[in-house]
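All remarks here apply to the structure that follows.
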Amino acid sequence: MSSDAGRNSGKKTAHGTLARRKRRLRSVDLRRCEVTHGRVHAYYRSEHGDNPALLQSSSDVDAMVDALLASRPSENLAALHSLERPLMPAGVPDHELLVGARGDLQVGVLSYMDDGNWVSFDPSGGRGDASYSIMGNATEFPSHSELPITLVRQAVKEFLSSGGQRPTCIQWQEPEFW
């Protein structure tokens, strides 16, 4: 076999490999690939006290919200802490996002704490005061704080991807009592 023939067969093999890779890439829906840079510890079940759930993707957020929606009223609230933010000198997080979800109403609440306290706000109305619980401990939320569950999901995903910043996709209110 001549050296030209050997080079041509190598080109055909490389071309075939490239064509196979292109076909595989076309079958991947890049819009559905998850890209995040955040990591969040989530506490919402009694077993999470020493071993919190780790949220790293939007599908992890959806799974947590789905679990809250399906849970008993005594376990429908989660406390989230971003691992992308520094700890305070005492070794505790400098922030917290509370996320509540009610499956019977398909609504939820959010509360964000860092240098101040903020609660989700729905200007269109909603129910009066609402109560959600984490590991059996109730937390009261003010009127107009419940949001459609789709907005709750969106806000938690923003919290994850922003490295623990207060989500901007919803409106917030400063609670009178807290």
Side-chain angles (χ1 to χ4, degrees), residues 38-56 58-178:
R39 294 175 309 133
V40 170
H41 274 160
Y43 301 85
Y44 56 98
R45 298 285 182 257
S46 56
E47 63 267 17
H48 293 153
D50 293 328
N51 188 25
L54 181 63
L55 310 180
Q56 299 183 92
S58 61
S59 59
D60 292 342
V61 169
D62 286 334
M64 181 201 65
V65 172
D66 290 344
L68 293 173
L69 288 168
S71 68
R72 307 183 298 264
S74 63
E75 290 188 330
N76 63 355
L77 185 65
L80 307 181
H81 304 117
S82 174
L83 299 176
E84 309 309 315
R85 291 186 49 159
L87 296 175
M88 295 188 343
V92 296
D94 69 343
H95 68 289
E96 181 171 76
L97 179 70
L98 294 179
V99 181
R102 291 207 35 183
D104 58 338
L105 300 174
Q106 292 297 297
V107 297
V109 294
L110 297 161
S111 171
Y112 185 81
M113 292 164 269
D114 61 1
D115 290 337
N117 293 326
W118 303 91
V119 178
S120 51
F121 179 67
D122 183 2
S124 67
R127 298 182 323 129
D129 296 353
S131 180
Y132 289 77
S133 296
I134 184 169
M135 297 180 216
N137 297 306
T139 300
E140 300 296 320
F141 291 86
S143 295
H144 304 286
S145 59
E146 290 181 308
L147 303 170
I149 202 66
T150 55
L151 283 176
V152 171
R153 288 180 194 275
Q154 182 180 349
V156 177
K157 290 173 185 178
E158 183 180 337
F159 176 79
L160 172 68
S161 66
S162 71
Q165 299 303 307
R166 180 165 46 110
T168 60
C169 64
I170 65 165
Q171 292 184 37
W172 296 93
Q173 60 182 318
E174 290 185 74
E176 293 178 23
F177 63 92
W178 271 40

Any [X] side-chain heavy atom under 4.5 Å of [Y] side chain:
| X | Y | result |
| --- | --- | --- |
| Q165 | D114 | no |
| R166 | L110 | no |
| L77 | F141 | yes |
| R102 | V109 | no |
| E174 | W118 | yes |
| L83 | L54 | yes |

Are the side chain of [X] and the backbone of [Y] linked by a donor-acceptor contact shorter than 3.5 Å?
| X | Y | answer |
| --- | --- | --- |
| R45 | E75 | yes |
| N76 | S133 | yes |
| Q171 | D122 | no |
| D94 | L87 | no |
| S120 | S145 | yes |
| W172 | P167 | yes |

[atom1]/[X] to [atom2]/[Y] distance, rounded to the nearest 0.5 angstrom?
| X | Y | atom1 | atom2 | answer |
| --- | --- | --- | --- | --- |
| L69 | Q106 | CG | CD | 5.5 Å |
| N117 | S111 | CG | OG | 6.0 Å |
| S59 | K157 | OG | NZ | 8.5 Å |
| S82 | L160 | OG | CG | 7.5 Å |
| E140 | Y132 | CD | OH | 11.0 Å |

Any side-chain donor-acceptor pair under 3.5 Å between E96 and Y43?
-> no
Locate the shortest heavy-atom distance separating [X] from [Y]; write the atom from each residue and the value.
| X | Y | answer |
| --- | --- | --- |
| P142 | V119 | CD-CG1, 3.9 Å |
| A79 | I134 | N-CD1, 3.6 Å |
| L151 | C169 | CD2-O, 4.4 Å |
| V107 | I149 | O-CD1, 3.8 Å |
| R153 | D62 | NH1-OD1, 3.2 Å |
| M64 | A42 | SD-CB, 4.0 Å |

Aromatic rings H81 and H95: how do their planes relate, parallel, tilted or perpendicular, breaks at 30° and 60°?
-> perpendicular
Please report the C-alpha distance between E158 and T168 in whole Å, then the side-chain angles of each, then the deciding distance to 0.1 Å, and finally whether the side chain to side chain donor-acceptor pair (under 3.5 Å) criterion is met.
-> CA-CA 8 Å; E158 183 180 337; T168 60; 2.8 Å; yes
Derivation and outcome, side-chain contact (heavy atoms from CB on, under 4.5 Å), residues Y112 and I170 = CA-CA 12 Å; Y112 185 81; I170 65 165; over 6 Å; no
